[in-house]
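Being a predicted model, the structure only gives us computed values, none of them experimental. Both counts, for ligands and for their atoms, begin at 1 and track the order of listing.
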Amino acid sequence: MLFKVHSFGALPDSVQIKPATRLSLLPPYLFAELDRLKREVIKTGVDVISLGIGDPDLPTPQFIIDSLKTAAEKPPNHRYPDYEGLERFRQSACAWYLRRFGVKLDPVREVFALIGSKEGIANFATAVVDPGDVVLISDPGYPVYFSGCVFNGGEPYSMPLRRENGFTPDFGSIPAEVARRAKVMWLNYPNNPTAATVDRSFFEAAVAWCLKHNVILAHDVAYSEIAYDGYRAPSVLAVPGGMDCAIEFHSLSKTYSMTGWRVGFAVGNAELIKALSLVKTNMDSGVFQAVQEAAITAMDQGDEVIREYCAIYQRRRDLMVELLRDIGLSCETPRATFYVWAQVPKGYTSVSFTERVLKEAGVAITPGSGFGKGGEGFVRFSLTVGHERLNEVANRLKAMRF
Ligand SMILES: *Cc1c(COP(=O)(O)O)cnc(C)c1O
């Protein structure tokens, strides 16, 4: 067979690549300059200690790894998983939920496996946000609430988290016109980056507000189990009316030191779960079943290890809070998360303080403004390095004058 060769004349060297307009809606990457500065400091031979990232240094517990090893050997696990997750996975999630929060869920209609909660959070926007819908977003906050919103043509509305309100949004200050157009409200307690916690009464107010204004309540509970001093983070689904308006995004990442494994689950209102499942069946093909089996092991047998890990973080927290107060930085003692959120000293912005600490002490922290305008004036310290390193941080910071 002969192919006819067309002549196209002189061709350009490459196609003109114009990324989709939605990409231009993303905020500038604030950390680019800091990353550059960090590399520069490292180049001068400084042993930079990173308290910048939200990724546990504690390893995944061995019994969970063993479970993955066994599960990885089984050929049925090598095939495409079911979208919604193994029945046993969903049952374990329900059992865990009942034990932990006293909330009874239907494993068929009210639970869905996620490839990490970040995936679910991003895809949930596609499931519920139409162009022009307002999405209420805590500021500062996890950046995915914002990107999910703008990628789907939504209009983000910032709910500032102020220190005087315990870093919770003031629902009363949301204008009526915004409330009328609002489709979703994002909350996240225990909170990243502020480390704020709430009690059940806060969720009662949030649910009441959402029911009154016909708004979906999306709650990110990535840190529900990283808690101290006996604090038990509540579930919004345990509040009357919660199941009528809310969905919760759970993650095994922080709870069991499994950030790289990519597994979590969404629970809550059946219609919201169904909408999310429709997006996901068209976007991905589920969680590797061997990882699901390991996750089942974690949920069924992991209560003790959570206590052990929290005790470790708690000792680090105590050291960090004492240090920060020692050097004159004001912060609350967090009851949950592995972050400490501290106010920068007078005369600094979040970024200028972060830069000075990096340059003079070789300690990398995160400027609050990286999580939104509402984070300006604060910095976030992660408790994801061991005691020895934290003592070294203490020595270095104490040598500075602010
Ligand atoms: C870490 C984190 C997540 C995402 O966790 P996954 O690893 O995707 O499950 C979600 N929300 C917040 C606030 C986080 O800090």
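- The distance criterion of under 3.5 Å between nitrogen or oxygen atoms is not met by Thr259 with respect to ligand 1.
- Electrostatic pairing of Asp170 and Arg162 does not count as a salt bridge here, judged by no charged N lying under 4.0 Å from a carboxylate O.
- Tyr145 and Asp220 share a side-chain donor-acceptor pair at under 3.5 Å.
- Arg317 and Tyr228 share no side-chain donor-acceptor pair at under 3.5 Å.
- Those atoms of ligand 1 that come under 4.0 Å of a heavy atom in Tyr223, given as number and element, are 1 (C), 13 (C), 14 (C), 15 (O).
- Summary of contacts: the protein heavy atom closest to atom 11 (N) of ligand 1 is Asp220 OD2, 2.6 Å.
- Every residue was checked against the salt bridge (charged side-chain N to carboxylate O under 4.0 Å, His left out) condition with Glu355, not counting sequence neighbours, and none meets it.
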For Asp47 and Arg389: C-alpha separation, side-chain torsions, deciding distance, then whether salt bridge (charged side-chain N to carboxylate O under 4.0 Å, His left out) applies. CA-CA 11 Å; Asp47 167 27; Arg389 295 295 265 171; 2.9 Å; yes
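- Among the atoms of Arg262, some N or O lies under 3.5 angstrom from an N or O of ligand 1.
- At the top of the distance list for atom 5 (O) of ligand 1, counting protein heavy atoms only, stands Ser117 OG, 3.3 Å.
- Ion pairing between a basic and an acidic side chain is recognised when a charged N comes within 4.0 Å of a carboxylate O; Glu332 and Arg163 show such pairing.
- Ligand 1 has no N or O atom lying under 3.5 Å from any N or O atom of Glu119, backbone or side chain.
- Interface atoms of ligand 1 facing Lys254, defined by a heavy-atom separation under 4.0 Å, are 1 (C), 2 (C), 3 (C), 14 (C), 15 (O).
- The heavy atom nearest to atom 7 (O) of ligand 1, out of those in Gly260, Gly116, Ser253, Gly264, is found in Ser253.
- Contact annotation for Asn188 and ligand 1: only side-chain heavy atoms (C-beta onward) come within less than 4.0 Å of the ligand.
- Put simply, OH on Tyr309 and OH on Tyr256 are 12.0 Å apart, with the number rounded to the nearest 0.5 Å.
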